[in-house]
Amino acid sequence: MSDKLKKILDSMSVEEKIDLCEGKDYWRTRAYPRYDIPSVMMSDGPHGLRKQPEGSDNLGINKSVPAVCFPTAAATACSWDAELLSEIGRAIGEEARANGVSLVLGPGLNIKRNPLCGRNFEYFSEDPYLSGKLAAAYVNGQKKAGVGSCLKHYLANSQEYKRFSSNSVLDERTLHEIYLTGFEIAVKESSPAAVMSSYNIVNGEHVGDSEKLLNILRRDWGWKGMVVTDWGAMNSRVKGFKAGCDLMMPGGSHYGKSAVKAALKKGELKEEDIDDCAQRVLNFVENASDASQRPCEMEAHHELARIAAEQSAVLLKNEGALPLRGKACLIGHMAKELRYQGVGSSHINPYKLSNPVDFMELPFAEGCTAEGYTNDKLIAEAVALAKSVRTPVVFAGLTDIFESEGFDREHMKMPEGHARMIEAVAEANPNTVVVLMAGAPVEAPWIDKVNALLYMALPGEAGGEAINRLLTGKANPCGRLAETWPLSYDDVVTKDFYGKDDAEYREGIFVGYRYYDSAHVPVRFPFGCGLSYTSFEYSELSCDGKSVSVTVKNTGEFYGGEVVQLYVLPPEGGIFRPARELKGFEKVFLMPDEEKRVTIPVNDRSFAVWHEGKWLVPRGEYTLQVGGLEVKFTPDDTVALNTPEELKGTWYETLQSTPSAEEWHRLLGFDFESRPKAQGEFDMDSSLEEIVPYSWAARRLYKAIELVMGASQGGRDYSNPAFKMMMSCAVESSVRNLAICGGVPEGLLKMLIKSANKKRK
């Protein structure tokens, strides 16, 4: 802390310091002119700047300032390109700085433990190592522009259903190996300006209240930054100050201030706790206020968005139809109106939007509606056009109502109209190419009937240009999947216990490919897979204990990119572990016949597991796997570790069927039963939706919220994803959130809860 800030902190009253730790409004910190403390602006991200004009909503429904919309994290993770993520971070930072924004909320690091999470399009991967490395690169790139980043959502926030109140219950090993590791890598390698505490509870404790979880950031990882709540995620301001939850957002409600003052008076809270939080807010403001506004090159950023879309595209199947040759056509509404981003707080007002029909002068048939429906007339037109060309290109995927912040998907299927369109066109012309836009895996029963499949995820505003270049061979697909695509939702290990009132992490460390590989479950497309218009050959794999080296050669006819992936396979026997785990990667670009020696570092953590409060390397010989090649390695400083007696023979060793509650409780070390609150137990953590059946006042408030939300969306229409998301944020969040974000007086809400708890005779 600088001498200047120390002097300011010493001069401030306790009340001023409490107020400093609450925002001024939805997007700014408080200014104190008498101390020369300016107000600092924040903005949503993470795949573009979403700065809201004065008076706009905070959910991304109203228009924000124009900004370049980059591919979402579901796409850029498939690039496996840290340098590209750094460039994207820098570009978004430059736009933020040009608009007077000092902190961009992102990137998102939540693990994709289930394909139905409605917000998966905003997150990188099912793998924490890949997520952490890409996030660190993004943050470091944004720093080059003089703008801070905020990692989110810390922690274990992997479902939208009940995201405001669900209790994420998981064992310590899973917590550290899967859900903390990505944040750890990003924190240690990029030192972000802020980390956002999530809405959910973890093992019975609100994240913002948790000294354990926030001490991991600071004591264990040595991080010095600021913890900011997700908007409305503050639980107890008293516990928050004790734990080190520094800044409550949004501001203006003074939520919990009276409780803090009372706790100080009783000696239940120390002024030093408030000082620690206020100091970190002051440090953030001081660093942020050094960034003066300066213009940026929007056209260059749009070009970068195109490059990012190209390098993130994954060619999942190609039996010769690509690159396009001969006469082709475009089919599907998404060729005309590309789905290039998701719905919610990350929604960008694009600087310059491109669609495939704008760049490909080819015959076009609608095929389906914007909502994903079709009919006999649209199908007949599509089939007739498909028969008249060599290669029909069908554009399909998930529409907005299928995936959005605020609610989870109901299944893994595509819109019925899209599936029917693909089936009909492929039957008419087996040379069909499918271009797929979706922020998460979908079931693809039609895959054997089409010639090629190009997965674009959600490719950003320059997606139309990128798709044109990829289909015609001007660009070579070089993306690799950052998450597994199961054959169907029936194969997902979490299917029976995902999306409940509380999040039961029964699968433990067996997330994504860690499960499918270990349990030998067939998948549609495996983690890390992807084709190219060229070919690559690996040779001369070696390991010296500090790094793994391999030679990669382009043996095809096209310039292209290859993702070199290092997996570590554990010794036989010992403690239960996944069959393999990603521990390094590097992307290389090679001309035909060019080769390069690629070296990937390894260290003790590449082989370690979390055991009884620390990282230990189990004894034995490990297999290092790169590009189909293997080399053996035996690390030093190892210990003999076996599966604990109470877990021997359980699902965690056999991976047969699904983990039972009893087996999971053994893993946890305690019993857990999810039980909704009954009348008489409602509190500020309860949602409006929960208490509506017991309170006429709550029902009146619910209807009022529907009217207000509907007024901005042309009516109360739950088939409108924007309206559905806004209602979810309002009525499924804690009642406390209505006070912090909605301006409803805290006293009124407490009276409403009291009324709901009172049983009528």
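A quick note: this is a predicted structure, and the numbers were derived from the prediction, not measured.
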Distance-only, no hydrogens or angles: does the [X] side chain make a donor-acceptor pair with backbone N or O of [Y] under 3.5 Å?
{"X": "Glu160", "Y": "Gly406", "answer": "yes"}
{"X": "Arg50", "Y": "Ser64", "answer": "no"}
{"X": "Ser131", "Y": "Asp127", "answer": "yes"}

Legend entry - For Val588, the option from Glu594, Glu595, Arg597, Lys596 that meets side-chain contact (heavy atoms from CB on, under 4.5 Å): Lys596
Legend entry - From Val550, Thr551, Leu624, residue fulfilling side-chain contact (heavy atoms from CB on, under 4.5 Å) relative to Leu629: Val550
Inset, instruction - State the OG-CZ distance between Ser345 and Arg119, to the nearest 0.5 angstrom. - result: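 Ser345 OG to Arg119 CZ: 4.0 Å, rounded to 0.5 Å.
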With sequence neighbours left out, write down each residue that passes side-chain hydrogen bond (donor to acceptor under 3.5 Å, both in side chains) with [X], or none if nothing qualifies.
{"X": "Glu416", "value": "none"}
{"X": "Glu310", "value": "Arg306, Arg469"}
{"X": "Thr76", "value": "none"}
{"X": "Arg480", "value": "Glu562"}

Legend entry - Lys144/Glu94 under salt bridge (Lys or Arg N to Asp or Glu O under 4.0 Å): CA gap, chis, key distance, verdict: CA-CA 9 Å; Lys144 293 175 184 177; Glu94 288 177 354; over 6 Å; no
Inset, instruction - Considering only NZ, NE, NH1 and NH2 on the basic side and carboxylate oxygens on the acidic side, decide whether Lys152 and Glu122 come within less than 4.0 Å. - result: yes
Legend entry - Salt bridge flag under 4.0 Å for residues Lys51 and Glu95: no
Inset, instruction - Only pairs at least two apart or in different chains count here, so list each salt bridge (Lys or Arg N to Asp or Glu O under 4.0 Å) that has a residue in residues 68-89. - result: Glu87-Arg90
Inset, instruction - Answer yes or no: is there a side-chain heavy-atom contact under 4.5 Å between Phe589 and Cys478? - result: yes
Legend entry - Any side-chain heavy-atom pair of Tyr513 and Val523 under 4.5 Å: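 No, their side chains stay 4.5 Å or more apart.
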Legend entry - Test log, rule ring-ring contact (aromatic ring centres under 6.0 Å, His included), inputs Phe527 and Trp80: CA-CA 12 Å; Phe527 175 83; Trp80 293 61; 5.4 Å; yes
Can you give each donor-acceptor pair under 3.5 Å made by side-chain atoms of residues 434-448, sequence neighbours left out, with the distance rounded to 0.1 Å?
| unit_1 | atom_1 | unit_2 | atom_2 | d |
| --- | --- | --- | --- | --- |
| Glu443 | OE2 | Tyr489 | N | 2.9 |

